[in-house]
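First the proteins, then the strands, lettered A, B, ... as listed; each starts at 1.
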Amino acid sequence: MADLTKPTPEPARPEAIKAVPVRHPGRWAAVAVIAVLTAMFVHMLVTNEKFQWSFLVDNAFRPNIIRGVWTTIALTVLAMVIGVLFGVVLAVMRLSDNPVLSGVAWLYTWFFRAVPRLVLAILFGNMGILYAKYRVGGVPFAGQLGDLMGVDIDGTLFTLDARTLLTGFMAGLLALALSEAAYMAEIVRAGILSVDPGQEEAAGALGMSRFQTMRRIILPQAMRVIVPPTGNETIAMLKDTSLVAYVPVTNELFFQLQAVGTRTFNVFPMLVAACIWYLILTSFLLVGQYFIERHFSRGSAAGQAKGLRAGRRETA
Amino acid sequence: MTEPTDPPEPTVPAGPAGPVEPAEPAADLMVRAEQVHKSFGRLEVLKGIDLEVRPGEVMCVVGPSGSGKSTFLRCINHLEKIDSGRLWVNGHLVGYRESGGKLYELRDREVAAQRREIGMVFQRFNLFPHMTALENIMEAPIRVKRLPKAGVRDRALALLARVGLDDKAQSYPAQLSGGQQQRVAIARALAMEPALMLFDEPTSALDPELVGDVLEAMKQLALDGMTMIVVTHEMGFAREVGDSLVFMDEGAVVEKGTPREVLADPKHQRTRDFLSKVL
C-alpha cells in the first residue's frame, strides 16, 4: 500500500502492461496443414521421375530457347508500347467533343475487344490472302473511277509485297498491339476521367493550351490510376505472346519449348520449363511496375508515406 | 475591327490603392459588361449584367449562393460562354472577334492568349498536386510564355516570399494547409503577370483561423494596385479593401456602390435582408 499521508508531487508512471496475449490455435492448425501439403508437393516434385529435372535443366536454356525468350520479350515490349500510345490517342478521341472522332474510337474499341486475340493472330497471319501486293497512297477507287471515265488511272504510289510487310513477326505484333490498344483506351479513359475537372480549369485559366493541359497536368495525374491495370495488361500480354505461334511465329518462347518437347517425346518437362520461364519474366515485370508506380505517386499521400522527394512533412 | 475601346497599358495600375476618381473615360475600363446573359439549360443564371471595373479598382461581389456571382466571374475569362450581351476585358472582346457586324468564335489558342492577362484563384485552390509549390508557379511562365527557366525560378521564389511562403518552395500541395495552398495559388496566378485578378470565394473552403493569411495576401495585392474582382462572403475585407461593392441576387445586380454606402445604408430590401443574415 502506498503511503497516503505524504504528498506525492507527481503521480508515478504506471508500469507497462504485461498481459497474456490471445491465443490463435486456428492459425497454428492452418500452418500445420499448409506445411504438410507443401512437403507432399515437394516430395512429388523430387521423387516423381517423370519430371526429369536434369533433362529440363539441360534443355530449358538452349540457344533457340533463349532466342525464343528474346522474341517473347520483344513482342511484349513492342506490343505494349504501341498499345499504350495508340490507346492514349483513342482515349483522347473518345473523350473529344467531335462525335465522329468519338464514334470511331468507340467502334475500334468495340471491334478489337470483341474478337479473341487468338482469332486476330490467325487472321493477321493470313492477311496476305487479301493483298498479294499492298498499294500505298493514291486515290481511293482509282480503278473504278478510271473505268467510269474510260481512262486508265493507276492511283498507286508504290507497292509492297504483303509477305515482306506482314512477316509472321509483324502480323503477330500488329494483332497483339491493335487489340491491346482497345483495352488501353478504356484504361486511359478511366484515368483521365478520374482527374478533378478543376485541374483542367486551372490550367486553362493560366493560358495553357489543350495539348499542354493534357500532357503536363491531366495525364501525369491520370497515370496513378492508369499504371496498376497497365501492369496487369503487360503481364497478360507476356503470356498472350504465346498465341502468335498460330500466326505462325516460330521463334517465340512457348513454340520453341514445345518443339523440344515433341521432338524428344518429353512433353511434360518442357511444359514445366514454360511455367518457370513465364514466372521469371513476370517477376521482372512486377519489379518494373513497382518503380513506375512509385514515380507517379509524386505529391500523393501514398508518395509521401514512402518518403519520396522532399517529403518533409512540416505543416501543422 | 470595331472594338469600342482602346486597350490601356496593362502594366500601369492606377496608382496606389484608394478609390479612383469615378468619372473616368470609358476607354480606360479594365472590365466592361453589357447586358450579359447566361443560361444553363432552362435555368437563367445571369439576367443581363451591366458592370464596369476601372484599372486598379477592387470590386467585391456579394450575394446569396446561386445568385450567379461565380458564374459571372467565370464568364470574364471565358470558362463559361455567355449567351448574349458583350464582355470586354482590357479592351478585348472576351471569347469572340467582332468583324463586319458579325461575331466569330475565337480559336482555343486565341482564348488561351486572352486568359494570360487574367489571373484566377479558385475556391478549391486547384493546385497541381503532382508538382511542388515552386513547380506550380513556374509551370505556366515556362510552358505558355516560354520564358527562360532561371529567371522564372527567381521570380517564382520572389512571389512565394511575397505571400509569406518562401520556406515552402519544395513542398507538395498535400503537405500544405488550405491557407498555404491558396496563397501558392495566388502566387501561381501572379506569375503570369496578369492585368486583372479574379477571386472565386477564395476563403470559403478554409478553416476560420487560416482565412486571415489569405485575406492579408489579397490586401497586399490590392495595395500594390492590382485590379481585382473578388466574389466573397468576407464583409470585413469588402469594407476595408474594396473600392466598390456589388450585391447580386437571382442573376441580376441589385445594388452597387462604395462598400461603406452599401453596407451601412442599403437601398434595397433584398440587400438589407441579405446583409442582416451575414453581418
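Nearest heavy atoms, A:A205 versus B:N77: CB-ND2, 3.8 Å. Of all heavy-atom pairs spanning A:Q221 and B:P129, the tightest one is OE1-CG, 3.3 Å. Among all heavy-atom pairs drawn from A:A202 and B:F128, the shortest one is CB-CE2, 4.1 Å. Considering all non-hydrogen atoms of both residues, A:P220 and B:H130 come closest at CB-CD2, 3.5 Å.
No other option in B:M120, B:R188, B:R109 has as many heavy-atom pairs under 4.5 Å with chain A as B:R188.
Here A:L206 contributes atom CG and B:I137 contributes atom CD1; the two are 11.0 Å apart, rounded to the nearest 0.5 Å.
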Report task. Mind running side-chain contact (heavy atoms from CB on, under 4.5 Å) on A:E201 and B:R74 for me, showing each step along the way? Result -> CA-CA 10 Å; A:E201 287 190 348; B:R74 293 161 59 82; 2.6 Å; yes
Query raised in the report: What do the steps show when you test B:N126 against A:D196 for side-chain contact (heavy atoms from CB on, under 4.5 Å), and what is the final call?
Result: CA-CA 9 Å; B:N126 295 354; A:D196 174 13; 4.0 Å; yes
**Report entry** From CA spacing to verdict: side-chain contact (heavy atoms from CB on, under 4.5 Å), A:R216, B:M131
**Finding:** CA-CA 10 Å; A:R216 297 283 308 168; B:M131 299 180 182; 3.9 Å; yes
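Heavy atoms closer than 4.5 Å to chain A are found in the side chain of B:E139, but not in its backbone. For B:F122, the part lying near chain A is the side chain, with the backbone staying farther off; criterion is any non-hydrogen pair under 4.5 Å. Heavy-atom distances place the backbone of B:L127, and not its side chain, under 4.5 Å from chain A. For a residue to count as touching a neighbouring chain, one of its non-hydrogen atoms must lie under 4.5 Å from one of that chain's; by this rule B:L79 touches chain A with the side chain only. For chain A, the nearby parts of B:R143 are the backbone and the side chain; heavy atoms of each come within less than 4.5 Å. For chain B, the nearby parts of A:Q199 are the backbone and the side chain; heavy atoms of each come within less than 4.5 Å.
Within a 6.0 Å sphere centred on NZ of B:K145, heavy atoms belonging to other residues, nucleotides or ligands number more than 12. Atom CZ of B:F40 has more than 12 heavy atoms from other residues, nucleotides or ligands within 6.0 Å. Atom CZ of A:R210 is surrounded by 12 or fewer heavy atoms from other residues, nucleotides or ligands within 6.0 Å.
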